[in-house]
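In what follows, a structure is listed as structure tokens, so that the remarks can point back to it.
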There are 2 protein chains.
Amino acid sequence: MADLENKVHPELIKKVQEQMLVDEEFNKLGNLYYVFSDPVRIKIIFLLVISEMCVYDISTLINATQSNVSHHLAILKSNDLVSFYKKGKQVIYFLKDDHVKRIFQLGLEHIREK
Amino acid sequence: MADLENKVHPELIKKVQEQMLVDEEFNKLGNLYYVFSDPVRIKIIFLLVISEMCVYDISTLINATQSNVSHHLAILKSNDLVSFYKKGKQVIYFLKDDHVKRIFQLGLEHIREK
DNA sequence: ATAACGTATGAACATTTATTCATACGTTCA
DNA sequence: TGAACGTATGAATAAATGTTCATACGTTAT
């Protein structure tokens with residue numbers, strides 16, 4: 001009988017392979033968290049957790065240029081985390097999904113503990 | 001009285017400013033999610049959610065080079081998401097914190113819905 | 001002591017990313 | 001109609017990132 005202590009662990013390998021996700025799922029997960037990974041985007045998410053908001057207010061609150069905020073909102077939009085509606089000249093953005101709020105809050109818990 | 005419909009929204013600005021996080025917290029959040037944002041690292045996290053594991057097994061299971069996995073583990077380690085112990089020649093990595101597991105699972109729920 | 005094994009690390013390169021600037025688009029109001 | 005406002009977009013640049021390769025480190029077994 002092979003000395004499993006000193007080799008790869010075949011029983012573990014097998015167990016994991018049975019539940020392995022497909023690459024496309026890992027990529028989607030990566031994209032989702034990528035959106036959260038930038039300080040400017042996290043700030044935008046933080047704001048939208050509190051309330052829907054127009055681009056100008058977002059720019060003001062996080063001290064970023066309007067252009068920069070627009071670029072980041074485009075990323076949030078293309079990853080389906082936000083949607084928007086128009087109100088006169090303004091574009092009001094809001095979170096599409098409650099998961100976004102929950103992921104944000106879990107992250108906040110994490111960095112605040114210890 | 002100013003026409004608030006067509007200007008910045010001062011009452012919203014004020015409300016948000018009262019709960020605004022400090023920049024350091026936003027940066028920490030960004031770093032946390034950054035770790036999740038790469039497909040290779042997400043795969044590693046997925047594996048460690050299932051079980052602690054040595055570097056060689058991780059490399060095998062996700063089809064990556066040992067060097068690549070080591071580099072990514074270093075990132076996970078420096079961001080305090082994993083820890084490790086040694087067992088002979090092997091180094092066994094494990095998740096330090098249950099939040100990591102929960103964040104992963106929330107993300108998975110998100111991408112699977114709809 | 002030396003070889004074999006599992007892991008870590010540094011350098012180099014190609015790619016991706018964020019920010020800024022200039023400008024265009026669409027809506028409202030005069 | 002034209003000016004002002006709010007927003008979007010493309011190009012350019014600088015910086016950050018991921019992967020590979022070569023090699024070093026530490027442990028075990030001969």
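Lettering of chains follows the sequences in order, A, B, ..., and the numbering in each one begins at 1.
- Qualifying salt bridge (Lys or Arg N to Asp or Glu O under 4.0 Å) partners for A:Asp97, counting only residues two or more places apart in sequence or in other chains: none.
- One atom, CZ of B:Phe36, and another, P of D:dT17, lie 17 Å apart when rounded to the nearest Å.
- Under the 30°/60° scheme for interplanar angles, the aromatic rings of A:Tyr33 and B:Tyr33 are found to lie parallel.
- Set against C:dT19, D:dA8, C:dT7, the side chain of B:Val55 has C:dT7 as its closest nucleotide.
- Side-chain contact between A:Gln90 and A:Tyr56 is absent, with no heavy atoms from C-beta onward closer than 4.5 Å.
- At the phosphate of D:dG18, neither OP1 nor OP2 sits under 4.0 Å from any side-chain N or O atom of A:Tyr34.
- Of the candidates C:dT7, C:dT19, D:dA8, D:dA8 carries the atom nearest the A:Ser70 side chain, counting heavy atoms from C-beta on.
- Among C:dA18, C:dG6, C:dA8, the nucleotide with an atom closest to any side-chain atom of A:Asp38 is C:dA18.
- Of the candidates A:His72, A:His71, A:Gln66, A:Asn68 forms a side-chain hydrogen bond (donor to acceptor under 3.5 Å, both in side chains) with just one, namely A:His72.
- Atoms CD (B:Gln66) and C1' (D:dG26) sit 13 Å apart, rounded to a whole Å.
- The nucleotide whose nearest atom lies closest to any side-chain atom of B:His72 is, among C:dC5, C:dT7, D:dG18, D:dG18.
- Closest-nucleotide positions on DNA chain D for A:Ile92 and A:His71 were compared, and the one nearer the 5' end corresponds to A:Ile92.
- Protein atom CD of B:Gln90 is 12 Å distant from nucleotide atom C1' of D:dT28, rounded to whole Å.
- The side chain of A:Lys89 lies closest to C:dT28, out of C:dT28, C:dA18, C:dT9.
- Here the C1' atom of nucleotide C:dT9 and the NZ atom of B:Lys77 are 10 Å apart, to the nearest Å.
- With hydrogens and angles ignored, a donor-acceptor pair under 3.5 angstrom links the side chain of B:Ser67 to the base of C:dT9.
- Here the P atom of nucleotide D:dT9 and the CG atom of A:Leu73 are 11 Å apart, to the nearest Å.
- You'll find the side chain of A:Phe36 stays beyond 4.5 Å of the side chain of B:Leu29, heavy atoms only.
- Aromatic ring pairs are classed by plane angle as parallel below 30°, tilted from 30° to 60° and perpendicular above 60°; the pair A:His110 and B:His99 is perpendicular.
- Note: NZ (A:Lys86) to C1' (C:dT28) measures 14 Å, nearest angstrom.
- The CG atom of B:Asn68 sits 15 Å away from the C1' atom of D:dA22 (whole-angstrom rounding).
- For B:Lys28 and B:Glu24, the salt-bridge test passes: some basic side-chain N is under 4.0 Å from an acidic carboxylate O.
- Residue A:Thr65 places no side-chain atom within donor-acceptor reach of the base of C:dC21, judged by atom type and a 3.5 Å distance cut-off alone.
- Residue contacts shown for B:Val69 are absent, as no nucleic acid heavy atom lies under 4.0 Å away.
- Using a 4.0 Å cutoff on non-hydrogen atoms, no part of residues 41-53 of chain B comes near DNA chain C.
- The NZ-C1' distance, from A:Lys87 to D:dG6, rounds to 14 Å in whole Å.
- Among the heavy atoms of the strands lying under 4.0 Å from A:Tyr93 are primed sugar atoms or P, OP1, OP2 only; no base atom is included.
- Using a distance-only test at 3.5 Å, with no hydrogens or angles considered, a donor-acceptor pair links the side chain of B:Ser37 to the main chain of B:Tyr34.
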